[in-house]
Amino acid sequence: MSLDDLYRETIMDHNQSPRNRRSLEHPTKTVGLLNPTCGDQLKLDLRVQDGMVVDVGFTGHGCSISMASASMLTEAIKGKSTDEALALARHFKAFLTGTPSPVNLGDLEALQGVSQFPSRVKCATLAHNALEKALSQD
Amino acid sequence: MSLDDLYRETIMDHNQSPRNRRSLEHPTKTVGLLNPTCGDQLKLDLRVQDGMVVDVGFTGHGCSISMASASMLTEAIKGKSTDEALALARHFKAFLTGTPSPVNLGDLEALQGVSQFPSRVKCATLAHNALEKALSQD
Amino acid sequence: MIEPLVDVSRDFPIFNRRINGYPLVYLDSAATSHKPEPVLAAMDQFYRHSNANVLRSVHTLAEEATTAYARARETVSTFIAATDPKEVIFTRGTTESLNLVARSFGDQFLRAGDEIVLSPMEHHSNLVPWQQVAKRTGAVLRYIDLADDGTISIDAVRRVISPKTRIAALSKISNVLGSVNPIVEVADLVHQVGGVMVVDGAQSVPHEPTDVMAMNADFLAFSGHKMCGPTGIGVLWGRAEWLAQMEPIAFGGEMISYVDREMATWAEVPEKFEGGTPNIAGAIGLAAAIDYLTAIGMDKICHHSQALGEHAFDALREISGVSVYGPRRPHAAAVAFTIDGIHPHDIAQVFDSKAIAIRAGHHCAQPLMQWLGVGSTARASFYFYNSSNDIDRLLDAILETKRFFQR
Amino acid sequence: MIEPLVDVSRDFPIFNRRINGYPLVYLDSAATSHKPEPVLAAMDQFYRHSNANVLRSVHTLAEEATTAYARARETVSTFIAATDPKEVIFTRGTTESLNLVARSFGDQFLRAGDEIVLSPMEHHSNLVPWQQVAKRTGAVLRYIDLADDGTISIDAVRRVISPKTRIAALSKISNVLGSVNPIVEVADLVHQVGGVMVVDGAQSVPHEPTDVMAMNADFLAFSGHKMCGPTGIGVLWGRAEWLAQMEPIAFGGEMISYVDREMATWAEVPEKFEGGTPNIAGAIGLAAAIDYLTAIGMDKICHHSQALGEHAFDALREISGVSVYGPRRPHAAAVAFTIDGIHPHDIAQVFDSKAIAIRAGHHCAQPLMQWLGVGSTARASFYFYNSSNDIDRLLDAILETKRFFQR
Ligand SMILES: Cc1ncc(COP(=O)(O)O)c(C=O)c1O
Ligand SMILES: Cc1ncc(COP(=O)(O)O)c(C=O)c1O
């Protein structure tokens with residue numbers, strides 16, 4: 001597959017201008033995750049009120065795939081219920097193993113090419129794993 | 001090589017009628033050795049006086065090669081000086097790796113065929129190793 | 001007539017060999033099995049086509065190697081009916097697997113006075129690690145009494161299991177007696193008192209269908225090289241809930257998550273227990289061996305192994321001056337015997353002159369030799385490439401050995 | 001023009017492969033090397049002709065296998081100029097070797113307050129085992145300060161060595177910086193205070209002549225898979241006087257002498273440290289690899305590796321936006337670099353689309369990444385089958401990567 005199929009415009013865009021790349025002042029949940037293969041780090045801050053993700057931000061460093069994916073995820077879940085957010089993460093992970101998603105993945109669909117590269121799947125799902133971990137804390 | 005070349009008459013004879021197969025009443029040196037590969041055991045008793053091996057006996061259990069070799073060795077060193085006994089053990093071990101012995105090995109020469117079977121060399125030299133260990137104790 | 005289950009000369013190049021002028025009769029598969037063509041081909045193909053380190057790089061070869069290694073883990077997992085491939089840890093073999101449980105689980109969970117239940121027939125690899133962990137922790141070893149034929153009765157197990165039992169470690173099939181131990185029942189008793197069941201499957205996994213859940217085990221250890229796989233690869237399977245709690249015992253490589261100068265945190269299971277570059281080609285070879293065995297059918301292999309073991313047992317018993325050990329029925333693929341007045345090493349030597357390969361010695365089971373009251377035994381062991389013809393040649397060789405040494 | 005030292009397409013089948021339409025340019029030998037035909041043939045031949053377990057049986061196959069395994073040990077011993085093959089212990093690889101020293105020697109000889117000297121550039125495998133033994137024994141880690149280019153000066157070593165230094169553990173060649181550490185001098189200082197020198201030779205033994213006595217080492221660890229050998233085999237060399245005193249850490253199989261129900265005694269070195277069936281074919285493959293390397297000539301390999309390393313270093317430095325790490329001269333066969341604003345994973349991905357295999361990540365050296373102030377780097381590494389053409393393709397790919405991400 002060609003590089004352009006992996007690194008789609010949308011990914012390059014999120015990578016160059018990441019959305020929600022900041023720490024929240026008063027997060028209700030915070031999770032830090034490492035990608036042990038490459039040492040990449042991601043911190044996800046969430047503000048959850050009445051079961052809704054009212055704000056979300058991420059910091060850290062990583063490859064274009066992991067940063068773009070985090071940017072896309074934060075954009076997609078802001079204003080959603082935590083259940084919707086979790087479902088999105090689950091569907092996205094299944095999507096990367098070839099299962100079509102029943103819900104609209106938005107920009108995240110641009111990451112489809114990653115499924116060809118098992119080691120990059122870890123990069124593309126780092127933020128989603130952080131989200132799942134954050135929302136399973138109680 | 002044929003079985004008859006390995007199991008020479010002399011070996012069969014020593015195996016069936018081992019010489020000096022007994023514990024000494026008042027040994028001056030005693031060494032027990034194990035052949036870890038097969039679990040065989042050998043105990044060698046020596047009575048050394050004024051640098052001479054005045055009596056020697058062995059007990060234990062093992063294959064025909066190890067028992068015959070012990071029998072032959074005890075016969076060969078009885079009445080010899082400890083230096084001569086050690087030299088004999090050394091020359092015999094070298095003989096099994098193909099080095100001709102400068103001293104007469106007596107019946108022990110019948111063990112020549114063992115050199116073809118690396119794992120049996122351990123059997124043939126068990127008594128010799130016990131002798132070396134016993135005479136190096138002080 | 002019991003026939004081999006495969007076309008031996010096609011699948012196993014080594015059987016085309018002649019030794020001392022005779023075709024090879026290999027009766028030492030309990031020590032190590034031979035390797036069929038597809039296993040050799042799988043490893044060769046890996047090195048020629050996809051060789052790379054795993055888990056490390058993003059290039060194509062590394063992706064292929066990582067995928068092949070992960071698939072090998074899945075193959076093992078399916079073969080032993082594990083619930084999750086993550087429960088499969090690759091080791092060098094049974095010995096390393098058992099040492100890993102003893103050191104990691106044992107050092108962490110054993111307290112002074114806790115009891116470890118063993119049998120006197122255990123291979124040193126399932127015995128000395130427990131002696132050593134007992135020494136380190138103050139735990140105590142309790143040995144199950146064997147019946148006269150070397151078998152283990154549930155009553156004998158009941159007598160040694162107590163509320164202090166924390167671990168029972170038992171072979172599924174004895175490498176000397178050919179006996180089959182009642183793991184499920186022992187595991188039940190152990191679980192009732194809150195202990196864990198460690199199974200040495202070195203001789204069982206190659207010879208019978210394995211289902212770790214049905215077996216009621218907490219840990220299972222086995223070696224690739226005894227089941228048509230290469231040397232240098234083996235498995236520790238453990239229940240996820242235990243593995244998650246256990247500390248690793250070897251450090252470095254891909255088993256870490258975060259490291260700084262002063263401390264480190266660990267990766268998830270199974271990587272946590274696989275520090276350093278693993279035997280990648282070995283895992284791939286083991287998976288090919290499993291595919292090969294599965295194609296034959298583990299049920300058929302089990303039936304064949306037992307048929308040969310029982311046939312050999314019965315035939316050897318008929319020869320005067322020969323003692324055979326272990327139970328008559330069921331009797332698995334290893335038969336230990338002695339001949340009056342002839343040392344096992346000498347038996348093996350005469351056999352070798354006729355190209356019959358058996359093992360002589362204590363079979364890494366000295367406490368069992370002490371129990372049997374012998375220094376060592378001869379042992380013939382079988383696999384699906386053997387036939388009852390091989391047993392006929394074994395019997396002829398015994399007669400010849402007696403003639404040779406009793407002349 | 002720096003040419004490969006062998007006929008690559010004849011000796012290394014994998015180089016006949018095309019990836020994404022391009023011929024493979026393999027620049028990841030520091031992770032694992034490729035395997036030449038003679039190594040694959042030696043292992044295949046063993047399985048086809050002499051497969052048996054070692055040290056156990058007296059039959060012909062077992063004698064052949066035992067002899068081949070012993071000869072492999074002698075080959076290793078000669079290759080590193082050890083005084084006695086008994087000093088060579090076969091392990092799975094560098095990681096297991098270093099863990100063995102740390103646990104056996106460390107747990108036995110370290111007391112609270114003793115010091116272990118390390119460098120911040122160590123691979124996790126030569127770092128985390130020492131953190132852990134320090135935790136168990138109360139020993140303390142002391143890190144050598146690196147110079148700006150990542151090198152180690154003797155003065156910096158002097159500052160951390162004290163009468164309390166019991167162990168210094170250092171890589172001979174860094175797998176990231178390509179720097180060559182002054183082992184002989186460090187060993188001298190350590191010996192003066194009564195400590196021992198542990199050398200991580202994972203990157204040096206494949207690339208330069210090794211003489212353990214001249215190196216002044218007490219222990220040396222290395223991996224077969226990085227020097228044309230198979231996966232799953234490695235070596236711990238140790239001085240006989242230390243090995244004789246050390247306790248084994250894995251129990252069972254042929255490492256015992258006597259066992260009863262309550263206690264066990266150990267076999268002699270090296271068996272004492274090799275519990276369980278070893279990776280027999282792996283050892284034979286490693287010996288074949290050593291024969292292959294020796295035929296090329298380790299001096300020539302060393303010269304070639306360094307020539308490529310230095311050429312790559314110089315060429316990369318010329319490219320704007322590229323940072324290269326480690327010293328300029330001498331620079332061994334690994335070159336780490338980053339490109340401003342482009343993550344190493346993304347670099348490796350673009351490279352792979354052109355069939356250029358490099359590694360991106362922390363290279364199992366997180367403390368070094370922390371010292372360098374980067375999360376990860378790209379790394380190109382070389383072996384005698386690489387040429388300066390490969391470096392040309394690397395340079396082209398860097399320009400292309402910059403174009404791709406900076407469009
Ligand atoms: C019952 C049993 N347990 C453990 C082992 C040890 O296996 P390995 O030498 O492959 O570690 C063996 C084989 O020798 C065995 O038969
Ligand atoms: C310097 C160094 N030490 C240790 C290791 C670990 O070697 P292995 O993974 O073969 O155990 C490596 C290779 O990854 C290395 O480069």
Side-chain angles (χ1 to χ4, degrees), chain C residues 13-14 17 19 28 31-32 34-35 40 44 47-49 51-53 56-61 92-93 95-96 99 120 124-125 128-129 131-132 143 223 225 230-232 250-253 256 259-261 263-264 275-277 279-282 345 348-349 352 357 359-361 364 366-367 370, chain D residues 13-14 19 28 31-32 34-35 40 44 47-49 51-53 56-61 92-93 95-96 98-99 120 124-125 128-129 131-132 143 223 225 230-232 250-253 256 259-261 263-264 275-277 279-282 345 348-349 352 357 359-361 364 366-367 370:
Chain C
I14 205 165
R17 205 178 147 178
I19 288 172
D28 197 19
T32 201
H34 287 309
K35 325 301 176 199
L40 302 181
D44 212 56
Y47 283 129
R48 281 166 197 278
H49 195 73
N51 176 65
N53 213 323
R56 299 190 178 205
S57 310
V58 303
H59 56 77
T60 300
L61 297 182
R92 180 166 41 243
T95 303
E96 188 182 4
N99 274 277
H124 296 158
S125 297
V128 187
Q131 287 182 347
Q132 293 290 316
Y143 284 94
S223 301
H225 69 94
T231 53
F251 309 94
I256 56 86
V259 182
D260 64 24
R261 293 191 182 196
M263 58 81 76
T277 301
N279 188 351
I280 306 165
H345 261 196
Q349 194 80 55
D352 183 57
R359 189 174 171 200
C364 297
Q366 289 184 19
Q370 292 149 15
Chain D
I14 204 164
I19 288 172
D28 198 18
T32 200
H34 288 309
K35 325 301 176 198
L40 303 181
D44 212 57
Y47 283 129
R48 282 167 196 277
H49 195 73
N51 175 64
N53 213 322
R56 300 192 177 205
S57 310
V58 302
H59 58 76
T60 299
L61 296 182
R92 181 167 39 244
T95 302
E96 188 182 3
L98 292 167
N99 275 276
H124 296 157
S125 297
V128 187
Q131 289 183 345
Q132 293 290 317
Y143 283 93
S223 301
H225 69 94
T231 53
F251 308 95
I256 57 86
V259 182
D260 64 24
R261 293 190 182 195
M263 58 80 76
T277 301
N279 187 351
I280 306 166
H345 260 194
Q349 194 80 55
D352 183 57
R359 190 173 171 201
C364 296
Q366 290 183 18
Q370 292 150 12

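No experiment lies behind these values; they were computed from the predicted model shown. All values below were derived from every heavy atom in this structure, side-chain atoms included, with hydrogens, water molecules and symmetry-related copies excluded. Order of the sequence lines fixes the chain letters, A, B, ..., with proteins taken first and strands second; residue numbering starts at 1 for each chain.
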Got a donor-acceptor contact below 3.5 angstrom from the [X] side chain to the [Y] backbone?
X: C/Thr231; Y: C/His225; answer: no
X: C/Gln366; Y: C/His124; answer: no
X: D/Tyr47; Y: C/Leu40; answer: no

Examine whether an atom of [X] lies under 4.5 Å from a heavy atom of chain C, and if so say whether it belongs to the side chain, the backbone or both; otherwise answer neither.
X: D/Ile19; result: side chain
X: D/His345; result: both
X: D/Ala360; result: backbone
X: D/Asp28; result: side chain

Heavy atoms only, distances under 4.5 angstrom: which of [options] has the most pairs with chain C? Name it, please.
options: D/Gly253, D/Gly361, D/Gly275; answer: D/Gly253
options: D/Gln132, D/Met263, D/Glu96; answer: D/Gln132
options: D/Ser125, D/Ala31, D/Gly93, D/Gly276; answer: D/Ser125

I would like to know whether D/Phe251 and C/Asn99 meet side chain to side chain contact (heavy atoms under 4.5 Å, CB included); could you show each step before the answer?
CA-CA 7 Å; D/Phe251 308 95; C/Asn99 274 277; 3.4 Å; yes
Which atoms of [X] are under 4.5 Å from chain D, going by heavy atoms: the side chain, the backbone, both sets, or neither?
X: C/Asn53; value: both
X: C/Arg17; value: side chain
X: C/His34; value: both

Looking only at non-hydrogen atoms, find the nearest pair between D/Val259 and D/Ala264 and report the distance.
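Closest approach of D/Val259 to D/Ala264, heavy atoms only: CG2-CB, 4.0 Å.
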What is the distance from atom CG of C/Asp260 to atom CD of D/Gln370, rounded to the nearest 0.5 Å?
5.5 Å
Hey, mind stepping through C/Thr277 and D/Thr32 against side chain to side chain contact (heavy atoms under 4.5 Å, CB included) and telling me if it holds?
CA-CA 9 Å; C/Thr277 301; D/Thr32 200; 5.6 Å; no
Are C/Asp352 and D/Val58 close enough, and set up right, to give a side chain to side chain contact (heavy atoms under 4.5 Å, CB included), and what steps lead you there?
CA-CA 8 Å; C/Asp352 183 57; D/Val58 302; 5.7 Å; no
Specify which of C/Pro129, C/Ala281, C/Gly282, C/Ser223 makes the most heavy-atom pairs with chain D at under 4.5 Å.
C/Pro129
